[in-house]
Amino acid sequence: KQTAGFDIKFSSHKPQNFMKTIQYIINGHHSYSFTFIAQVIPIDLQINQSFVEFRFSPDSIDPIIKEFITLTNKSNTRAEYNFTGLSPPFSMSNSKGFVEANKNLNLEITYNPGLKTHDEQDIVMNTLGGASRALKLIGDTGNCKCSLQKKTVNFGLLPIGISKTQSLRLKNTGEDDAIFSVSVSNVGELQVSPMNGKVAARDSIQLQITYKTMQPHPFNIPVTISICGSQPLTFNVIGQSEIPLVQLENNEFDFGRVYV
């Protein structure tokens, strides 16, 4: 006695209740039939929220904001998703991929503010075999107004191999905290501290500008301070590095009569 079988494959692109009687013949003489029944339902992939707000926390000093959303697959099969409409200043880890059956998936969304104080973006999560879901992204940096004490930091004549430091005040007269980051073209000779941070509303901080070189040359180094939600500020560090000039005041020394 032996047992034989055959596979049945079923696929549908729309929800439906399906029923069909299938006949099969064994050895060309014996006819049998059975009824095939299937209920087709959409893939149920959900987002835990309909909008995400991005705001700097009181202790934040980084010029980016990260938030998380959770995708929940309530179906008994793997769900394939793809987010569309996403563009800077927003970005997402794994904007397309899969969520296994009856599992959750956390996705990280990053807001990297530019010159605008407010950004909004409507994105869509498309699910293969399921409904599309909308997600609204809202980014706010607050209103800050920053200025520099001066546009030029002049070190004058500077001996090579010797580091010198000057201070430059960065002031915020706005109503909200300012998150900033510093970009320096010549990091081998010029250091700025801190390179990023926060200036509280109606407050100021001192930037420490340190220069050191091992080569004699004039220098004029531009420095850019990027401020979230505001126009960047720039200043230049200038000066002249030179080899120290060492001279003897006397060409000869007369010790007179010396005794052993």
Side-chain angles (χ1 to χ4, degrees), residues 54-66 88-89 91 108 110-117 139 141-253 255:
F54 298 82
R55 298 179 186 274
F56 287 110
S57 62
D59 58 347
S60 178
I61 61 172
D62 294 322
I64 60 173
I65 307 172
K66 295 182 178 182
S91 61
E108 180 183 85
T110 301
Y111 175 47
N112 189 1
L115 306 181
K116 298 166 61 177
T117 61
T141 63
N143 295 309
C144 62
K145 187 177 181 180
C146 292
S147 60
L148 289 170
Q149 175 186 1
K150 53 187 177 182
K151 295 292 186 179
T152 302
V153 177
N154 190 349
F155 278 90
L157 291 176
L158 183 66
I160 64 171
I162 302 297
S163 65
K164 282 193 174 181
T165 300
Q166 292 194 36
S167 297
L168 179 64
R169 187 175 68 164
L170 176 61
K171 186 178 181 181
N172 177 18
T173 57
E175 299 177 356
D176 296 295
D177 297 345
I179 306 297
F180 72 92
S181 59
V182 179
S183 299
V184 181
S185 59
N186 190 347
V187 294
E189 297 181 345
L190 183 64
Q191 301 293 327
V192 179
S193 180
M195 288 293 289
N196 63 282
K198 177 178 68 175
V199 186
R202 300 183 181 87
D203 200 357
S204 64
I205 66 168
Q206 295 288 336
L207 299 176
Q208 302 299 314
I209 319 297
T210 302
Y211 184 82
K212 178 182 178 180
T213 183
M214 302 305 294
Q215 300 293 331
H217 62 84
F219 55 88
N220 187 346
I221 305 172
V223 179
T224 301
I225 303 176
S226 299
I227 302 168
C228 294
S230 181
Q231 293 290 334
L233 302 175
T234 60
F235 67 93
N236 286 68
V237 178
I238 65 173
Q240 169 77 48
S241 60
E242 61 179 18
I243 299 174
L245 179 61
V246 179
Q247 293 180 331
L248 294 175
E249 294 184 358
N250 300 315
N251 294 327
E252 60 181 40
F253 298 89
F255 287 93

*Asks:* With rounding to the nearest 0.5 Å, note down the distance linking CG in Asp62 to OG in Ser57.
*Replies:* 9.0 Å
*Asks:* Keeping Asn112 on the side-chain end and Pro88 on the backbone end, is there a donor-acceptor pair under 3.5 Å?
*Replies:* no
*Asks:* Would you check if the side chain of Thr117 reaches a backbone N or O of Gly229 as a donor-acceptor pair within less than 3.5 Å?
*Replies:* no
*Asks:* Hey, could you give me the OG/CE distance between Ser241 and Met214, rounded to the nearest 0.5 Å?
*Replies:* 10.5 Å
*Asks:* From the options Cys146, Ser204, Ser147, select the one residue that forms a side chain to side chain contact (heavy atoms under 4.5 Å, CB included) with Leu170.
*Replies:* Cys146
*Asks:* How many angstroms lie between CG in Asn196 and SG in Cys228, if you round to the nearest 0.5 Å?
*Replies:* 10.0 Å
*Asks:* Can a donor-acceptor pair be found, under 3.5 Å and without considering hydrogens, that links the side chain of Asn172 to the backbone of Lys145?
*Replies:* yes
*Asks:* If every non-hydrogen atom of Ile160 is compared with every non-hydrogen atom of Pro216, which pair is closest and at what distance?
*Replies:* CG2-N, 3.8 Å
*Asks:* Any idea which heavy atoms bring Asn154 and Gly239 closest together, and the distance?
*Replies:* OD1-CA, 4.2 Å
*Asks:* How long is the span from the CG atom in Asn220 to the CG atom in Asn186, to the nearest 0.5 Å?
*Replies:* 11.5 Å
*Asks:* Run the numbers on Leu207 and Ile205 for side-chain contact (heavy atoms from CB on, under 4.5 Å), then give the verdict.
*Replies:* CA-CA 7 Å; Leu207 299 176; Ile205 66 168; 4.1 Å; yes
*Asks:* How far apart are the closest heavy atoms of Leu168 and Ile209, and which atoms are they?
*Replies:* CB-CG1, 4.4 Å
*Asks:* Is any side-chain heavy atom of Leu115 less than 4.5 Å from a side-chain heavy atom of Gln231?
*Replies:* yes
*Asks:* Quick one: CG on Leu233 to NZ on Lys171, what's the gap to the nearest 0.5 Å?
*Replies:* 13.5 Å
*Asks:* For the residue pair Thr224 / Thr234, report whether a side-chain donor-acceptor contact shorter than 3.5 Å exists.
*Replies:* no
*Asks:* Would you call the rings of Phe155 and Phe219 parallel, tilted or perpendicular, taking 30° and 60° as the class edges?
*Replies:* tilted
*Asks:* How about Leu157 and Gln240: do any of their side-chain heavy atoms sit closer than 4.5 Å?
*Replies:* yes
*Asks:* Looking just at side-chain N and O atoms, do Gln208 and Thr165 make a donor-acceptor pair shorter than 3.5 Å?
*Replies:* no
*Asks:* Kindly indicate whether the side chain of Ser226, heavy atoms from C-beta on, has any atom under 4.5 Å from the side chain of Ser181.
*Replies:* yes
*Asks:* Within the structure provided, determine whether Ser183 and Val223 are in side-chain contact (heavy-atom separation under 4.5 Å).
*Replies:* no
*Asks:* Do the side chains of Ser185 and Ile221 get nearer than 4.5 Å, heavy atoms only?
*Replies:* yes
*Asks:* For the residue pair Lys164 and Tyr211, establish whether any side-chain heavy-atom pair is separated by less than 4.5 Å.
*Replies:* no
*Asks:* So which heavy atom on Ser167 is nearest to which on Gln206, and how close?
*Replies:* CB-OE1, 3.5 Å
*Asks:* Count the heavy atoms of every other residue, nucleotide or ligand shown that sit under 6.0 Å from CD of Gln166, and state whether that count exceeds 12.
*Replies:* yes
*Asks:* So which heavy atom on Cys144 is nearest to which on Asp177, and how close?
*Replies:* CB-O, 4.0 Å
*Asks:* Please examine the side chains of Ile225 and Phe235, heavy atoms only from C-beta on, and report whether any two atoms are closer than 4.5 Å.
*Replies:* yes
*Asks:* Kindly indicate whether the side chain of Thr141, heavy atoms from C-beta on, has any atom under 4.5 Å from the side chain of Tyr111.
*Replies:* yes
*Asks:* Atom CD of residue position Gln215 - does it have more than 12 heavy atoms of other residues, nucleotides or ligands inside 6.0 Å?
*Replies:* no
*Asks:* Testing the basics here: between Ile65 and Arg55, what is the closest heavy-atom pair and its distance to 0.1 Å?
*Replies:* CD1-C, 3.5 Å
